Amino acid sequence: MLRYASWLSSSFRSCSSGHRLALVWTLACLAACGSGPSPQEQALSAGNQALSDLQFAQAEEHFTEAIKIDSSLVSAYVGRAQVRYVQQQFDQAVEDLDRGIALDPELDTAYFLRGLSLFATDTPERALPDLERAGFSDTIYLQDRVRSHRMRAVFYMSTLQYANAIDALTEAIALQPDNPALYYERGILHNTVEQAESAIRDLERFLEVQAETTAERSDSTMRAQARRTVDSLRAL
């Protein structure tokens, strides 16, 4: 499963700047209280800004400073965990998120980030409860909910648990029905378990959605594979 780690890290880095800033803003709001910034709030704000600017070393220093001042500052643990995750320090990220979740067991963002981190370790099955919780949470971003289900599907596929993988992709599709890749992946899985009608239905839906996609985002290789699979199944 370590082969997925670099992909996960690059995926996190490739989030739009607006998405990163929105997450930073959320963390900042967690710390905002009182009429003026306290020392820990100043350190947290500096950490959030450095994280937004992708200055990870500086961000980690600021978050660590905030934690030293106030060891109960949940947003500082979560912020430092983000820094450690993108630097592929997964075990350390998990440690920070464990602390954050112990302080605030209702913070679903922390479960999502811990799921990402655990998924990238040698024991990715530990990520499943966190990813499932994140996938069904209404307090985190839609894209992250979809990613949670998709990562569950990746794990189940890697362990040949195809029915569970199909279920996970079905949850992702319910959240994002205009994502063609989800239909393609589920269609291939249906074909793997010899569910021909479901495979045809998913792959044809993939082709329909792809036809509505701009040329830059369209994947000709996937289209060709989907068309070949559908034609082959119809010929049986």
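If you're wondering where the values come from, they're calculated on a predicted model, not measured in any experiment.
Between Glu132 and Arg152 there is a side-chain heavy-atom pair separated by less than 4.5 Å. The shortest side-chain heavy-atom distance between Leu128 and Phe155 falls under the 4.5 Å cut-off. Between Val83 and Leu51 the shortest side-chain heavy-atom distance falls below 4.5 Å. In this structure, the side chains of Ser75 and Leu44 come closer than 4.5 Å at one or more pairs of heavy atoms. Residues Met157 and Leu189 form a side-chain contact, since some pair of their non-hydrogen atoms from C-beta on lies under 4.5 Å apart. At a threshold of 4.5 Å between non-hydrogen side-chain atoms, the residues Gln210 and Phe206 count as touching. The shortest distance between side-chain heavy atoms of Leu131 and Tyr111 does not fall below 4.5 Å. Put simply, the side chain of Tyr162 does not reach to within 4.5 Å of the side chain of Asn164, judged on heavy atoms.
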Query - Steps toward side chain to side chain donor-acceptor pair (under 3.5 Å) verdict (Arg201, Ser198) - result: CA-CA 5 Å; Arg201 187 164 51 248; Ser198 295; 3.3 Å; yes
Query - side chain to side chain contact (heavy atoms under 4.5 Å, CB included) between Asn191 and Leu233, intermediate numbers included - result: CA-CA 9 Å; Asn191 187 44; Leu233 290 172; 3.4 Å; yes
Query raised in the report: Could you walk me through whether Val193 and Ile166 pass the side chain to side chain contact (heavy atoms under 4.5 Å, CB included) check?
Result: CA-CA 10 Å; Val193 296; Ile166 288 171; 4.2 Å; yes
Report task. For the pair Phe119 and Asp130, evaluate side chain to side chain contact (heavy atoms under 4.5 Å, CB included) and give the outcome as yes or no after the intermediate values. Result -> CA-CA 10 Å; Phe119 192 88; Asp130 286 346; over 6 Å; no
**Report entry** Derivation and outcome, side chain to side chain contact (heavy atoms under 4.5 Å, CB included), residues Phe112 and Arg147
**Finding:** CA-CA 10 Å; Phe112 170 66; Arg147 188 188 305 181; 4.2 Å; yes
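Note that the CD atom of Glu106 and the CG atom of Leu103 stand 13.0 Å from one another [nearest 0.5 Å]. From Gln82, atom CD reaches atom OG of Ser117 across 10.0 Å, with rounding to the nearest 0.5 Å.
Contact between Gly187 and Ala199 at its shortest, heavy atoms only, is O-CB, 3.5 Å. Closest approach of His149 to Ala172, counting heavy atoms only: CB-CB, 3.9 Å. Taking every heavy atom of both residues into account, Leu169 and Glu185 meet most closely at CD2-OE1, 3.6 Å.
For the residue pair Arg80 and Thr64, a side-chain donor N or O sits within less than 3.5 Å of a side-chain acceptor on the partner. Side chains of Asp53 and Gln49: a donor on one and an acceptor on the other come within 3.5 Å. With hydrogens and angles left out, the side-chain atoms of Ser148 and Arg145 include no donor and acceptor closer than 3.5 Å. Counted by atom type alone, Arg228 and Gln225 present one or more donor-acceptor pairs between their side chains at under 3.5 Å. Ser220 and Arg223 share no side-chain donor-acceptor pair at under 3.5 Å.
Transitive grouping of hydrophobic side chains (ILVMFWY, heavy atoms separated by less than 4.5 Å) brings Tyr85 and Phe63 into a common cluster.
Contact check on Glu65 versus Lys68 returns no salt bridge, with no Lys/Arg side-chain nitrogen under 4.0 Å from an Asp/Glu carboxylate oxygen. Salt-bridge annotation for Glu95 and Arg114: absent, with no side-chain N of the basic residue lying under 4.0 Å from a carboxylate O of the acidic one.
Between the side chain of Ser137 and the backbone N or O of Thr139, at least one donor-acceptor pair lies under 3.5 Å. Here the side chain of Ser52 pairs no donor or acceptor atom with the backbone of Asn48 at under 3.5 angstrom. Between the side chain of Tyr184 and the backbone N or O of Asp202 there is no donor-acceptor pair closer than 3.5 Å.
A cation-pi contact, defined as under 6.0 Å to the ring centre and within 45° of the axis, is absent between Arg99 and Tyr77.
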